[in-house]
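Residues take their numbers from the sequence shown, with the count starting at 1. All ligand and atom numbering here is 1-based and tracks the order in the structure.
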Amino acid sequence: MEIAIIGGGISGLSMSLALAKLGIQSTVYERAEDLSEVGAGLWLQPNALRVLQRLGIEDEILKAGFVLNKMEIAYPNLKAVKEVDSNVVADRFGNQTVAIHRARLQAILLEKVKAVAKVELGMPYLSHKQQGDQIEIQFENAKRKADWIIGADGIKSKLRQSLGFASEYRQSHQICARGIAHIRLPEALRKEGKELWGPKRRFGFSHISEDQVYFFAVLNTEISPAEISIDSLQEMYADFDPVVNQIIRATDFVHSTELADLKRLDSWHKDRACLIGDAAHATTPNMGQGACQGIEDAYYLAQLIHKRSPNLRAAFQEFEAQRRAKVDYVVNNSWRFGQLVHKPWGQFLLKSIMKITPENVVKGQMEKLYAVD
Ligand SMILES: Cc1cc2nc3c(=O)[nH]c(=O)nc-3n(C[C@H](O)[C@H](O)[C@H](O)COP(=O)(O)OP(=O)(O)OC[C@H]3O[C@@H](n4cnc5c(N)ncnc54)[C@H](O)[C@@H]3O)c2cc1C
């Protein structure tokens, strides 16, 4: 059985690795000639780490990234909205949150996949057609055959379009500027991931290595991406704690993106094809769960393919039934949260809820989010 995976991002590479662990062959087809990505960091939460542990690569990820003991929402002056027990960021097995450079995570995944499966770079997928029990895949400059095809080609998925699924994007009217600063934070901040909430602006940061700090600045689109620079960010965050400006000043390059998600699809699969990760359910990054959900998808789908083989249609159906509720929870809450936090009354409401929610309720919510069967 040959499975073609379109897209060599975090979801596609995790998919190939999870299949290989179960002795199932796959080939990853990635449009880019190489997978070195500029710029930003990523927070990998306990649910993703649990899967990466089962795939046998957690130790390397922990070594390549930076373990955070605490994730905190705070005022612009760094004071926590609500003091939390540091264990809130760990799941019941002790997995914590790891901040890592995206390119490092991808490089580790790629190296592991190359050792156990095939990866073809420089292969932009164009279309596919079914021929009996096989699929013929048309890439820009080549054709390949497979028995089944998995779309992990991101929010703008071409495979999703080929399947005829509606692709509507919800624009959040927010811009996210991200960068990596070469700086060491004061001791009190070194092991924390922090998100500071100001009026219509947020600023999040954490170490991703001993001397690198990843940051993101989320702003309303009254400002256009072209207006965002290191200088303009310094002005916009001048009233935040001085550490924010120190981080911005220690950055060489800022990458800005308009935040959007994908409107809920009616289905994630059709015939011999199935979508995973952002291709199926791209979310806004307000819960820091997009990549984590893609990694979870890979793990669950691989298990079901193994269980249902050679009837992968049944695996695809079961996968969707199993994953929908959690993914909907993440996408919808992330969207609501992102919209509320940039409105004065919404932010007031969120802070009030946070202050009165008992810690055991927060822990219960976290456990639900972090659980991986
Ligand atoms: C500002 C921001 C911050 C974020 N922070 C976090 C975070 O802290 N934690 C977290 O878990 N998530 C976070 N996310 C979400 C996370 O980045 C995505 O959910 C994740 O990258 C999705 O992975 P993917 O592999 O599904 O898709 P992608 O990362 O989009 O990868 C798709 C791959 O497919 C390839 N491809 C595309 N089209 C084709 C084609 N036609 N043929 C072949 N290959 C193709 C692409 O080149 C790419 O390599 C954040 C997102 C944003 C925007």
Side-chain angles (χ1 to χ4, degrees), residues 4-16 27-37 39-49 51-52 65 68 71 97-103 105-106 109-110 119-128 137-142 144 149-162 172 174-179 193 195 202 204-206 208 214-218 254-262 275-298 327 330-331 334 338 369:
I5 299 169
I6 308 299
I10 294 167
S11 307
L13 293 173
S14 304
M15 184 75 237
S16 180
T27 304
V28 177
Y29 298 100
E30 164 59 43
R31 74 173 163 197
E33 295 285 346
D34 76 275
L35 280 176
S36 56
E37 198 185 325
L42 202 65
W43 287 342
L44 284 178
Q45 297 185 46
N47 50 325
L49 287 177
V51 169
L52 296 171
L68 304 176
M71 306 295 285
T97 291
V98 168
I100 188 166
H101 198 298
R102 204 177 257 271
L105 170 64
Q106 207 155 351
L109 286 168
L110 181 62
V119 180
E120 289 199 47
L121 299 177
M123 293 288 274
Y125 161 94
L126 294 181
S127 62
H128 69 273
I137 310 169
Q138 181 67 58
F139 295 93
E140 210 164 270
N141 300 310
R144 296 286 185 272
I149 186 166
I150 294 175
D153 49 344
I155 184 167
K156 299 228 166 100
S157 171
K158 188 105 185 165
L159 179 53
R160 185 178 70 233
Q161 289 162 29
S162 300
S172 70
Q174 290 166 8
I175 295 176
C176 182
R178 288 177 287 173
E195 185 172 311
R202 282 179 281 159
F205 61 93
S206 79
I208 53 166
Y214 157 58
F215 78 83
F216 56 88
V218 188
V254 176
H255 177 77
S256 302
T257 331
E258 288 207 39
L259 299 180
D261 73 6
L262 182 66
L275 302 172
I276 63 166
D278 275 17
H281 47 69
T283 176
T284 48
N286 303 304
M287 286 173 72
Q289 272 285 332
C292 299
Q293 290 305 307
I295 292 169
E296 270 197 47
D297 277 355
V327 164
V330 168
V331 174
S334 183
L369 186 63

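Residue-level proximity to ligand 1 for Cys176 is carried by the side chain, the only part with a heavy atom below 4.0 angstrom. Counting heavy atoms closer than 4.0 Å to ligand 1, residue Arg102 contributes side-chain atoms (C-beta onward) but none from N, CA, C or O. In Ile6, the part holding a heavy atom less than 4.0 Å from any atom of ligand 1 is the side chain. Of the heavy atoms in Pro285, only side-chain atoms (C-beta onward) come closer than 4.0 Å to ligand 1. The proximity of Gln293 to ligand 1, defined as any non-hydrogen pair under 4.0 Å, does not occur for either the backbone or the side chain. Contact annotation for Tyr29 and ligand 1: only backbone heavy atoms (N, CA, C, O) come within less than 4.0 Å of the ligand. Under 4.0 angstrom from ligand 1, there are no non-hydrogen atoms of Ala48.
Classification of Arg31 and Glu140 as a salt-bridged pair fails, no side-chain N sitting under 4.0 Å from a carboxylate O.
Nearest residue to atom 48 (C) of ligand 1 from Glu30, Met123, Met15 is Glu30 (criterion: closest heavy atom). The residue from Ala152, Gly7, Ala177 that puts a heavy atom closest to atom 32 (C) of ligand 1 is Ala152.
Within the 6.0 Å centre-distance limit, the rings of Phe139 and Tyr29 are counted as a close aromatic pair.
Donor-acceptor pairing under 3.5 Å is recorded for the side chains of Gln289 and Asn47.
Interatomic distance, CD1 of Ile276 versus CD1 of Ile5, reported as 7.0 Å (0.5 Å rounding).
For atom 29 (O) of ligand 1, no protein heavy-atom neighbour is present inside the 4.0 Å cut-off.
Nearest protein heavy-atom contact of atom 27 (O) of ligand 1 is Gly154 CA, 3.7 Å. Of all protein heavy atoms, the one closest to atom 41 (N) of ligand 1 is Tyr125 O, 3.3 Å. With respect to atom 6 (C) of ligand 1, the closest heavy atom belonging to the protein is Leu42 CD1, 3.4 Å.
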